[in-house]
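Excluded from the calculations below are hydrogen atoms, water molecules and symmetry mates; all remaining heavy atoms, backbone and side chain alike, are included.
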Amino acid sequence: MNDGSLFIAIAAMAGVTAFSRVLPFLLSPRSRLLKLLSGDHPAIRIAGPALLVALAVASVARPVLESPSRQTLLSYGVGALATAAVLRWRHSVGLAVVAGIVAFGLAGPATSWLMS
């Protein structure tokens, strides 16, 4: 996957997320689709975590496959564990993403210090 296709994947996920947020304002209050989107249907509840996993796979796959060093794997592993832990603890996809990014950012210098 090159940088262009990674950007397209991230933009597509952002577009789907934005569309799902704007769609309720575009539909009639009596629309069946609006009732489905505002309900507690399992397909709707899984959309946020599914987008999170898709973004994680698109972001992580390339660097890990290109340079599978111990430092790279540790940095991404710490970020993934932080994301999973916060998602389980707070049940907030947004907060989990922020925690994963911060943990990944802090793990990079920490793992380079540990490896030297």
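- Scanning for side-chain hydrogen bond (donor to acceptor under 3.5 Å, both in side chains) contacts around Ser92 gives an empty result, with sequence neighbours left out.
- Distance check: Gln71 CD to Leu73 CG gives 10.0 Å after rounding to the nearest 0.5 Å.
- Within the structure, ring pair (Phe, Tyr, Trp, His ring centres under 6.0 Å) contacts touching residues 70-100 (residues at least two apart or in different chains) are Tyr76-Phe104.
- Through side-chain heavy atoms spaced under 4.5 Å, either directly or across other Ile, Leu, Val, Met, Phe, Trp or Tyr residues, Leu81 is tied to no other residue.
- For the atom pair CG of Leu87 and CG of Leu95, the computed distance is 9.5 Å after rounding to the nearest 0.5 Å.
- If you check the side chains of Ser28 and Ser31, you find no donor sitting under 3.5 Å from an acceptor.
- Cluster annotation: Val97 is not connected to Val86 through the hydrophobic network of ILVMFWY side chains, with a link wherever side-chain heavy atoms come within less than 4.5 Å.
- Ala82 approaches Ala103 most closely through the heavy-atom pair CB-CB, 3.4 Å.
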